Colleague: 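Shown below is the structure under consideration.
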Amino acid sequence: MNSKIFNLSNLDEGKTVTVYGWVEKVRDHGGVIFLDLRKDLEIIQVVIEPSEKEIFSVAENIKNEFVIEVSGLVRKRPKGTENIKMSTGEVEVCANKLNIFSKSKPLPFQLDEYSNAGEEIRLKYRYLDLRRPEMHENLIMRSEVSNSVRNFLVNKGFIDIDTPMMTKATPEGARDFLIPSRVNKGKFYALPQSPQLFKQLLMVSGFSKYFQIAKCFRDEDTRKDRQPEFTQIDIEMSFTSCEEIMNISENLIIELFKNILNVDLKRFPKITHKESMEKYGTDKPDLRNPIILHDVKDLFLDSDFKVFKDPANDKKSKLVAMKLKKDISRGQIDEYTKYVGNFGAKGLAYIKVNDVSDLKKGLQSPIVKFLSEKELESLVKKLDLKNGEVVFFGAGNKKIVFDSMGALRQKLAEDFDLIDKTSWKPLWITDFPMFDETLEGALTPSHHPFTKSLSTLDLLEKSPHQAISEAYDLVLNGFELGGGSMRIHDAEEQRKIFSILGISDEEAKQKFGFFLEALEYGCPPHGGIAFGLDRIVMLMANEDSIRDVIAFPKTQSALCLMTEAPDKISNAELEDLSIKSTFEEIE
RNA sequence: GGACCGGUAGUUCAGUUCUGGUUAGAACGCCGCCCUGUCACGGCGGAGGUCGCGGGUUCGAGCCCCGUCCGGUCCGCCA
């Protein structure tokens, strides 16, 4: 069957055709009936005239979303009745045969462009929601992206290899989804959080260029850009370098945007993790946002205002300011104060600049009275403050200041419409710290425990906080599209990292023994990257959530409203798997 | 685990949050009748509601209070 059956080229005037599809719309004039017939993304108007007595009485009972087949003559519409809004609007099919394949009940929600159904009902009847052109187009774009990725990588000599979905639980990282084993009682497989170890083992196997469009599973709470199951474009290469991987990745993304959106992306700038945090307060900055953070520690080293002076003199603290060129109300400031509270900030200091020529009366703020004229003057100079601007301050614990100011920076830009929604601002973040510190003081890998460090083993052991990793993230418009690193290819080095992370030799052997052993049989230096396919398509399709580019997504509470998964299972099934539930239902 | 917003007809929403009070409204959809050139067709008529669920306060609750479920955004979490 030809999916382009409605194409104007197939609708030559005078030709007899058979068309089929869903009834998009019925317009029954009593004497003549018009049906809009939809298939794929095309629509053609069918006319049923009363002279066709047999089919006319059938047509009178046709409702929206019936699936029908119509044969008839293609003819030009009468002068003045053409519809310029339709690609097929100059012609119509005058039916002389009509067959109903399938009837439809009235739909639980309307599919037309004027209805605005909520997500709950759309997800329950997802198969209907997907009939809408917007959703259809998103999934078509997703297919085009996958296809483009595949072509690009295959042409570059990459080999597509798939890896197991039933694998071994990993101790680090996210929570695992587990699969009980019936045959091996009391034991569990896990769904992969990513193909990480397998792709590294494929390097050991001598496949120097690997890729896979892989499903990954992480049992963590969802966000608009995170689902418990998601798709990665997974890439790994041996005998390579950060530069080579970033270069290939960049070309891949550039090609995607060219092929699918016909957008020419410029080369991606690179900034270090440190620079990103200090300028934007985040490791995934939206460069469309013009606001930047300024370090103002040096202005307040000897201040009488303790709230500024203390962090200004403390290495573990930050004192930053950012300005907004907009008028802002007291109520809005209260809102933003509440907002930064979410990130642990105790307050939000601000100064409204009414008149820069008068530092006493021209600056409006509860904190101005604590600041000296000299301090205010240097602040005005440093931030180049102008009348009508407002300055916000973040002071205190480094993490809290970056988290709260970074988030506020983005919120202000969105609320005050400072972001050019039509532009694309990709960038690389490099030189990540090797480790992060938990609140309890333990070290965790900032990327993953197989990441190679630029620092010497000696430094790694003595001052792990200063160690820098050979890792890189690709960020686009404030979303982390992908990340990767060079990997450790030496068993000794890998053991050392495990030990710094507080993983005992015994545990390392039990969880990663197979992997450590593989590193002892000739492992090439290697590295790679993984991209979030869902996020890439979400941005390209201009959607706000990856749910809109996934055919059958989960809700925020990880439910599928259509199938009602997950669901209870019978005791018999549990018994078969040697599992007993400890969950007690409250009646 | 936590914060906030929402849940009223099939759908999208209104229902004077502080200030509870006869019969809970609108639009679209649906059903019936009419209509020969519409394309968000039109006209006339009609049906349709456990106000998410449970409890409480009150003479009286869609509205107030407590709990709970569902959807969303965010914090935590996401090597």
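Computed from a predicted model, the values in this text were never measured in an experiment.
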Colleague: Nearest of C39(B), A40(B), C30(B) to any side-chain atom of Asn64(A)?
Modeller: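 Of the options given, the side chain of Asn64(A) lies nearest C30(B).
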
Colleague: Does Asp403(A) or Leu559(A) map to a spot on RNA chain B nearer the 5' end, using the closest nucleotide for each?
Modeller: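 Nearest-nucleotide comparison on RNA chain B picks Leu559(A).
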
Colleague: Using a strict 4.0 Å threshold on nitrogen-to-oxygen distance, state whether Asp334(A) and Lys338(A) make a salt bridge.
Modeller: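 Looking at Asp334(A) and Lys338(A), the cut-off is not met.
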
Colleague: If you look at every strand shown and take non-hydrogen atoms under 4.0 Å, does Phe343(A) touch a base, only sugar-phosphate, or nothing?
Modeller: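 Touches sugar-phosphate only.
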
Colleague: When both hydrogen-bonding distances must be under 3.5 Å and the geometry is Watson-Crick or G-U wobble, what is U19(B) paired with, if anything?
Modeller: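 Partner of U19(B): none found under 3.5 Å.
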
Colleague: In terms of side-chain heavy atoms of Thr555(A), which of C75(B), G71(B), U36(B) is nearest?
Modeller: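 Given the options C75(B), G71(B), U36(B), the side chain of Thr555(A) is closest to G71(B).
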
Colleague: What is the distance, rounded to the nearest whole Å, between atom CZ of Phe479(A) and atom P of U73(B)?
Modeller: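 From Phe479(A) CZ to U73(B) P: 11 Å.
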
Colleague: Could one point to a donor on the side chain of Arg77(A) or the base of U38(B) with an acceptor on the other under 3.5 Å away?
Modeller: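 Side chain to base: pair found, below 3.5 Å.
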
Colleague: Looking at the base of G76(B), is there any donor atom on it, or on the side chain of Glu220(A), that sits under 3.5 Å from an acceptor on the other one?
Modeller: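 Between G76(B) and Glu220(A), which were checked side chain against base, a qualifying N/O pair under 3.5 Å is absent.
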
Colleague: Check whether any side-chain N or O of Arg27(A) sits under 4.0 Å from OP1 or OP2 of U38(B), and answer yes or no.
Modeller: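 It does not, given that no N or O in the side chain of Arg27(A) lies less than 4.0 Å from OP1 or OP2 of U38(B).
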
Colleague: Rounded to whole angstrom, note down the P distance from C53(B) over to C69(B).
Modeller: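 15 Å, rounded to whole Å.
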
Colleague: For C33(B), what is the paired nucleotide under Watson-Crick or G-U wobble rules, both distances under 3.5 Å?
Modeller: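 Across any shown strand, C33(B) pairs with G43(B).
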
Colleague: Counting the atoms with a prime plus P, OP1 and OP2 as sugar-phosphate, which does Glu49(A) contact under 4.0 Å by heavy atoms, base, sugar-phosphate, or nothing?
Modeller: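 Base, at least one base atom sits under 4.0 Å.
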
Colleague: Quick one: is Arg547(A) getting a side-chain N or O under 4.0 Å of the G72(B) phosphate, OP1 or OP2?
Modeller: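 Answer yes for this pair, as a side-chain N or O of Arg547(A) is under 4.0 Å from OP1 or OP2.
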
Colleague: Please identify each residue that fulfils salt bridge (charged side-chain N to carboxylate O under 4.0 Å, His left out) with Lys97(A), with sequence neighbours left out.
Modeller: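 Partners of Lys97(A) under the salt bridge (charged side-chain N to carboxylate O under 4.0 Å, His left out) test: none.
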
Colleague: So that I can tick it off, tell me whether Asp36(A) and Arg27(A) are bridged by a salt bridge, with the cut-off set at under 4.0 angstrom between side-chain N and carboxylate O.
Modeller: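 Here Arg27(A) pairs with Asp36(A) in a salt bridge, since their nearest N and O are under 4.0 Å apart.
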
Colleague: Name the pairs: protein N/O against N/O of nucleotides 1-8 of chain B, kept only if under 3.5 Å.
Modeller:
residue: G1(B); atom: O6; partner: Asp221(A); partner atom: OD2; Å: 3.4

Colleague: What I want to find out is whether Lys85(A) reaches Glu113(A) closely enough, with some N-O distance under 4.0 Å, to be called a salt bridge.
Modeller: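 Not counted as a salt bridge, because no side-chain N and carboxylate O are separated by less than 4.0 Å.
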
Colleague: Could you measure between the two C1' atoms, the one in G67(B) and the one in G76(B), and give it in whole Å?
Modeller: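 Result for the C1' pair: 24 Å, nearest Å.
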
Colleague: Quick one: which of G76(B), C30(B), C78(B) gets closest to the side chain of Ala174(A)?
Modeller: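 So the side chain of Ala174(A) is nearest to C78(B).
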
Colleague: Just so I know, are the side chains of Arg122(A) and Glu119(A) near enough to count as touching, which here means a heavy-atom distance under 4.5 Å?
Modeller: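 Side-chain contact under 4.5 Å: yes.
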
Colleague: With a 4.5 Å cut-off on side-chain heavy atoms, are Asp129(A) and Leu123(A) touching?
Modeller: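 No; the side chains remain at least 4.5 Å from each other.
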
Colleague: Using the side-chain heavy atoms of Phe34(A), tell me which of these nucleotides is nearest: G37(B), G76(B), G71(B).
Modeller: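 The answer is G37(B).
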
Colleague: When all nucleic acid strands are considered with a 4.0 Å heavy-atom cut-off, which category describes Ile33(A): base, sugar-phosphate, or nothing?
Modeller: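 Nothing, no nucleic acid heavy atom in range.
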
Colleague: Would one find a side-chain N or O of Lys411(A) under 4.0 angstrom from OP1 or OP2 of C74(B)?
Modeller: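 Result: no.
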
Colleague: Among G72(B), U36(B), G32(B), which is the nearest nucleotide to the side chain of Lys63(A)?
Modeller: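 Side chain of Lys63(A) sits closest to G32(B).
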
Colleague: If the cut-off is 4.0 Å, is Ser557(A) near the phosphate of G71(B), judged by side-chain N/O to OP1 or OP2?
Modeller: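 Ser557(A) to G71(B) OP1/OP2: side-chain N or O found under 4.0 Å.
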
Colleague: Among the candidates U38(B), G72(B), C77(B), find the nucleotide nearest to the side-chain atoms of Glu92(A).
Modeller: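 It is U38(B).
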
Colleague: Quick one: the side chain of Arg75(A) and the base of G37(B), do they pair up donor-acceptor inside 3.5 Å?
Modeller: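 A donor-acceptor contact between them is present.
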
Colleague: Would you say Ser194(A) and Gln232(A) are linked by a side-chain donor-acceptor pair, where the criterion is simply a distance under 3.5 Å?
Modeller: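 Absent: no donor and acceptor within the cut-off.
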
Colleague: Need one value for Asp219(A): base, sugar-phosphate or nothing, where a base atom within 4.0 Å counts as base even if backbone is also close, heavy atoms only.
Modeller: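 Result for Asp219(A) = nothing.
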
Colleague: Out of Arg38(A), Gln45(A), Arg131(A), Lys39(A), which residue meets the side-chain hydrogen bond (donor to acceptor under 3.5 Å, both in side chains) rule with Glu24(A)?
Modeller: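 Only one option passes, and that is Arg38(A).
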
Colleague: Of all the nucleotides listed (C78(B), C70(B), G37(B)), which has the minimum atom distance to the side chain of Pro78(A)?
Modeller: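 Of the candidates, G37(B) comes closest.
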
Colleague: Find the distance Ile48(A):CD1 to U38(B):P and express it as a whole number of Å.
Modeller: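 So the CD1-P distance, Ile48(A) to U38(B), works out to 17 Å.
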
Colleague: Does any donor atom in the side chain of Tyr210(A) or Asp234(A) lie under 3.5 Å from an acceptor atom in the other side chain?
Modeller: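 Result is yes, a qualifying pair exists.
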
Colleague: Please give the nucleotide sitting opposite A61(B) as a Watson-Crick or G-U wobble pair, both distances under 3.5 Å, or none.
Modeller: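 Its partner is none (no Watson-Crick or G-U wobble pair with both distances under 3.5 Å).
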
Colleague: Using a 4.0 Å heavy-atom cut-off across all strands, classify Ile121(A) as base, sugar-phosphate, or nothing.
Modeller: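 Touches sugar-phosphate only.
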
Colleague: Base, sugar-phosphate, or nothing for Glu564(A), non-hydrogen atoms under 4.0 angstrom?
Modeller: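 Answer is nothing: Glu564(A) stays at 4.0 Å or more from every strand.
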
Colleague: Just call it for Gln193(A): base, sugar-phosphate, or nothing, with non-hydrogen atoms closer than 4.0 Å on any strand.
Modeller: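 Here Gln193(A) touches no strand at all.
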
Colleague: Would you please say whether a donor-acceptor pair under 3.5 Å links the side chains of Asp534(A) and Gln227(A)?
Modeller: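 Asp534(A) vs Gln227(A): no donor-acceptor pair found between side chains.
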
Colleague: What is the nucleic acid contact for Glu119(A), judged by heavy atoms within less than 4.0 Å: base, sugar-phosphate only, or nothing?
Modeller: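 Contact class for Glu119(A): sugar-phosphate only.
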
Colleague: May I have the distance from Phe109(A) (atom CZ) to U12(B) (atom P), rounded to whole angstrom?
Modeller: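 Checked: the CZ to P distance equals 9 Å.
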
Colleague: Measure from CE on Met86(A) to P on C41(B) and round the result to the nearest Å.
Modeller: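 Nearest whole value for this atom pair: 11 Å.
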
Colleague: Contact class for Gly118(A) vs. all strands (heavy atom < 4.0 Å): base, sugar-phosphate, or nothing?
Modeller: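 Sugar-phosphate, no base atom in range.
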
Colleague: Heavy atoms from C-beta onward define the side chain here; which of C74(B), C35(B), C39(B) lies closest to that of Arg223(A)?
Modeller: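 Nucleotide nearest to Arg223(A)'s side chain: C74(B).
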
Colleague: Could you check how far CD of Gln45(A) sits from C1' of A40(B), rounded to whole Å?
Modeller: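 Whole-Å distance recorded here is 14 Å.
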
Colleague: Check whether any side-chain heavy atom of Lys452(A) lies under 4.5 Å from a side-chain heavy atom of Glu493(A), and answer yes or no.
Modeller: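 Yes. Closest side-chain heavy atoms under 4.5 Å.
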
Colleague: On RNA chain B, does the nearest nucleotide to Gln196(A) precede the nearest nucleotide to Gln556(A) from the 5' side, or the other way round? Give the residue.
Modeller: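 Per heavy-atom nearest nucleotide, the more 5' residue is Gln556(A).
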
Colleague: Would you mind telling me which of G71(B), A40(B), U38(B) lies closest to the side-chain atoms of Lys25(A)?
Modeller: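 Given the options G71(B), A40(B), U38(B), the side chain of Lys25(A) is closest to A40(B).
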
Colleague: Distance criterion of 3.5 Å, no angle test: do you see the side chain of Arg218(A) paired donor-to-acceptor with the base of C77(B)?
Modeller: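 In this structure, the two groups form no donor-acceptor pair.
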
Colleague: Check the geometry between His29(A) and C41(B) and answer yes if their rings are stacked (centres below 5.5 Å, planes below 30°), otherwise no.
Modeller: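 His29(A) vs C41(B): stacking yes.
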
Colleague: May I ask you to verify whether the side chain of Gln110(A) and the base of U12(B) hold a donor-acceptor pair under 3.5 Å?
Modeller: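 Not at all, since no donor on one side and acceptor on the other fall under 3.5 Å apart.
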
